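One structure is given below, encoded as structure tokens.
Quick caveat: nothing in here was measured; it's all calculated off a predicted structure.
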Amino acid sequence: MSSGFRIAAIGELLWDLLPDGPRLGGAPANFAAMSANLAATVPDRLDEVFLISRVGNDSLGSQALIQLRAHRVSLDYISIDTKLATGTVTVALDSNASPTYRIHENAAWDAI
């Protein structure tokens, strides 16, 4: 029996569509990825990091799962929605490089 901790993150898994290209995002997804990176440095203290979320059955969803797997985040609790697309947020920068965000509604993570 392991004595390590398990970390769960619950919530949005989406893509930030930045001017220089898409980046995997969503606070829970980012937290899970960073926690899993930490888990690799303390394997006797942290057994598993998983994300409870949902992606669309699309290329962005597939790419999100590939990136999370690369960070060693368990995908066991990420479901795939056959009707809703993977979430996206369009990020625009003004002349002062201050961002504005447009969150696209009715995304897969809305239906966790």
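Cluster partners of Leu84 are absent, since no Ile, Leu, Val, Met, Phe, Trp or Tyr has side-chain heavy atoms less than 4.5 Å from it. Listed by chain and number, the hydrophobic cluster partners of Leu17 are Leu13, Trp15, Leu24, Leu51, Val55, Leu60, Leu65, Leu68, Val73, Leu75, Ile78, Ile80, where partners are ILVMFWY side chains within reach of under 4.5 Å, directly or through others.
Counting only residues at least two apart or in different chains, ring pair (Phe, Tyr, Trp, His ring centres under 6.0 Å) contacts with residues 59-106 comprise Phe50-Tyr77. Under the salt bridge (Lys or Arg N to Asp or Glu O under 4.0 Å) criterion, no residue pair touches residues 27-42, with sequence neighbours excluded. Applying the salt bridge (Lys or Arg N to Asp or Glu O under 4.0 Å) rule to pairs touching residues 75-95 yields Arg54-Asp81, sequence neighbours excluded.
Residues satisfying the salt bridge (charged side-chain N to carboxylate O under 4.0 Å, His left out) test with Arg23, not counting sequence neighbours, are Asp20. Looking at residues two or more places apart in sequence or on another chain, you find a side-chain hydrogen bond (donor to acceptor under 3.5 Å, both in side chains) between Thr86 and Asp58. Taking the side-chain hydrogen bond (donor to acceptor under 3.5 Å, both in side chains) definition, one finds that Arg6 meets it with Glu48, sequence neighbours left out. For Ile66, the side-chain contact (heavy atoms from CB on, under 4.5 Å) criterion is met by Gln63, Arg69, not counting sequence neighbours. Judged as a salt bridge (charged side-chain N to carboxylate O under 4.0 Å, His left out), and not counting sequence neighbours, Glu12 has no contacts.
Considering every non-hydrogen atom in both Ser53 and Gly11, the closest pair reads OG-O, 2.6 Å. Nearest heavy atom pair, residue Leu14 against residue Gly26, reads CD1-N, 3.7 Å.
For the atom pair CG of Asp16 and OG1 of Thr88, the computed distance is 9.5 Å after rounding to the nearest 0.5 Å. From Ile7, atom CD1 reaches atom CG of Leu38 across 7.0 Å, with rounding to the nearest 0.5 Å.
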Validation: residues 105-112 side-chain donor-acceptor distances under 3.5 Å, sequence neighbours left out:
| from | atom 1 | to | atom 2 | distance (Å) |
| --- | --- | --- | --- | --- |
| Asp110 | OD2 | Asn106 | N | 3.1 |
| Asp110 | OD2 | Ala107 | N | 2.8 |

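More than 12 heavy atoms of other residues, nucleotides or ligands sit less than 6.0 Å from atom CG of Leu93.
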